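Notes for the one structure printed next.
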2 protein chains.
Amino acid sequence: MTQNTQPKSVANQLFLTDEQLRKGTEAMFFAYRGFTADPDRILADRGYGRAHHRAVHFIHRSPGTTVNNLLNILGVTKQSLNRVLRTLIADGLVSSHVGQKDKRERHLHLTDAGVALEQSLSNAQRDRMRTAYKAAGAEAVAGFRQVLEAMMDEDMRHQYEALKDKNE
Amino acid sequence: MTQNTQPKSVANQLFLTDEQLRKGTEAMFFAYRGFTADPDRILADRGYGRAHHRAVHFIHRSPGTTVNNLLNILGVTKQSLNRVLRTLIADGLVSSHVGQKDKRERHLHLTDAGVALEQSLSNAQRDRMRTAYKAAGAEAVAGFRQVLEAMMDEDMRHQYEALKDKNE
DNA sequence: TTGGAATGTCAACAAGGCTGACGTATTCTG
DNA sequence: CAGAATACGTCAGCCTTGTTGACATTCCAA
């Protein structure tokens, strides 16, 4: 349907051919596998999965966040998140306190053990990311980020932007 | 965008700070969600999941491929893939023939209905990709691909490279 | 020709999504 | 103040998709 075998007038659009887009798709698929591979190994050793990683990551990012807040960021149901939080709290990696202002809320923090796990996960992931960044160079990295940001859903881009410059 | 108020030796490496790497991590997380969102909706309507998408995609890419071959590309166990293939075959989207040369092998093809599904999935995914590519521009896309390729595991990069230029 | 390797199938289990229903505490609002 | 709305937890049950284990068939090499 959108086969691009056009004249030169569109030569500057060559990166938009179906073939180029398909390559991008497959690159995303294979790269995401690499992206999660290292943390997955660490998690498997401790009987956790990717869901635990995501929870730990975002609690670390936003200490004191509420359950509801986390729900929006992670995009899962509360039943699903609750299962994960329950094990993390039981294992002493996450603490949950009733809110001061609003007592319906629970504020989540990593314990020392939780911070330690987060560190080992993010170190593993960062190492791979750093290697990839170094290999590709600063300009490629800028392009990488631009395309990824353009690929997000509206809502997610807002979540992302809100977190983006938090610790600068 | 890059404020160069630093000495050169530092400025060159600014994209390798932990903060930059963390942003890249989160960009991957949110972008991958967007990346899969559109096909996921189509699949859900038909009672399929992402595993079906992957199988259909790579059978389309490499018609006549064997189960074992697909296993290597997808990186799952044969039992897991088999369940998905079984439903796709039962639903008449994929055909499986015993190999001529080696009768242990099964060669996989998409039926017309399978091709139709593949089209609707890849059209949806390409649309988002195209929009993102357009918004980011050709140079950003080149960087995007470079970083993704550098992020893959060795083995996966080989799989990816092998597929990469197949239809050019 | 026979034993091992390769290919693929079936069965059963676990993680982690989902929906729906319900209970409890707390806060907001008319 | 009463009732609606919000935040959270939990139970039950479903689905997809990953896992291991057991097994049949086929091929190949000693």
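Note that the structure is predicted; figures quoted are calculated from it, not measured.
Summarising the geometry, the separation between NE2 on B/His53 and P on D/dG18 is reported as 14 Å, rounded to the nearest angstrom. Note: NE2 (A/His107) to P (C/dT26) measures 14 Å, nearest angstrom. Atom-to-atom, CG of B/Asn72 to P of C/dA6 comes out at 12 Å; the value is rounded to the nearest Å. Distance A/Asp40 CG to C/dG16 C1': 13 Å, rounded to the nearest Å. Nucleotide D/dT6 holds its P atom 15 Å from the CG atom of A/Leu71, rounded to whole Å. When rounded to the nearest whole Å, the span between CG of A/Leu70 and C1' of D/dA7 equals 14 Å. Rounded to an integer number of Å, the gap from B/Asp91 CG to D/dT16 P is 11 Å. If you measure from atom CG of B/Leu85 to atom P of D/dT17, you get 12 Å, rounded to the nearest angstrom.
With hydrogens and angles ignored, the 3.5 Å screen pairs a side-chain donor or acceptor of A/Arg61 with a backbone N or O of A/Leu163. Judged by distance alone, the side chain of B/His52 and the main-chain N or O of B/Gly49 form a donor-acceptor pair under 3.5 Å. One N or O on the side chain of B/Arg157 and one on the backbone of B/Glu149 form a donor-acceptor pair closer than 3.5 Å.
For C/dG16, neither phosphate oxygen OP1 nor OP2 lies less than 4.0 angstrom from any side-chain nitrogen or oxygen of A/Ser80. In this model, the phosphate group of D/dC28 is not approached by any side-chain N or O of B/Arg104 to a distance below 4.0 Å at OP1 or OP2. In this structure, A/Asn82 reaches the D/dG9 phosphate: one of its side-chain N or O atoms is under 4.0 Å from OP1 or OP2. At least one side-chain nitrogen or oxygen of B/Arg54 sits closer than 4.0 Å to the OP1 or OP2 atom of D/dG18. Applying the 4.0 Å criterion to OP1 and OP2 of C/dG17, one finds that A/Thr77 has every side-chain N and O outside that range.
In this structure, B/Gly99 reaches neither bases nor backbone, as no heavy-atom distance under 4.0 Å exists between it and the strands shown. Nucleic acid contact for B/Arg50: sugar-phosphate only, since backbone atoms but no base atoms lie under 4.0 Å from a heavy atom of the residue. Note on B/Arg83: a base of the nucleic acid sits closer than 4.0 angstrom, heavy atoms only. Using a 4.0 Å heavy-atom criterion, one finds that B/Lys78 contacts the bases of the nucleic acid, with or without backbone contacts as well. Across all strands, A/Gly75 comes closer than 4.0 Å only to sugar-phosphate atoms, never to a base (heavy-atom distances). Contacts of A/His52 with the nucleic acid, taken as non-hydrogen atoms under 4.0 Å apart, involve only primed sugar atoms and P, OP1 or OP2.
Taking for each of B/Gln79 and A/Ser96 the nucleotide of DNA chain D with the nearest heavy atom, the 5'-most of the two is the partner of A/Ser96. Nearest-nucleotide positions on DNA chain C place A/Tyr48 closer to the 5' end than the other of A/Gln100 and A/Tyr48.
Proximity note for B/Asp102 (side chain, C-beta onward) versus C/dT9, D/dC27, C/dG16: the nearest is D/dC27. Of the candidates C/dG8, D/dC8, C/dG17, D/dC8 carries the atom nearest the A/Arg106 side chain, counting heavy atoms from C-beta on. With distances taken from any side-chain atom of B/Glu105 to the nucleotides D/dC8, C/dT27, C/dG8, the minimum falls on C/dG8. In this structure, the nucleotide among D/dT20, D/dA7, C/dG17 sitting nearest to the side chain of A/Asn68 is D/dA7.
Between A/Phe30 and B/Phe58, the ring planes lie tilted relative to each other; the angle falls in the 30° to 60° range.
In this model, no donor atom of one side chain and acceptor atom of the other lie less than 3.5 Å apart for B/Glu26 and A/Tyr160.
For an aromatic pair to be called close, the ring centres must be under 6.0 Å apart, and B/Phe15 with A/Phe144 fails this.
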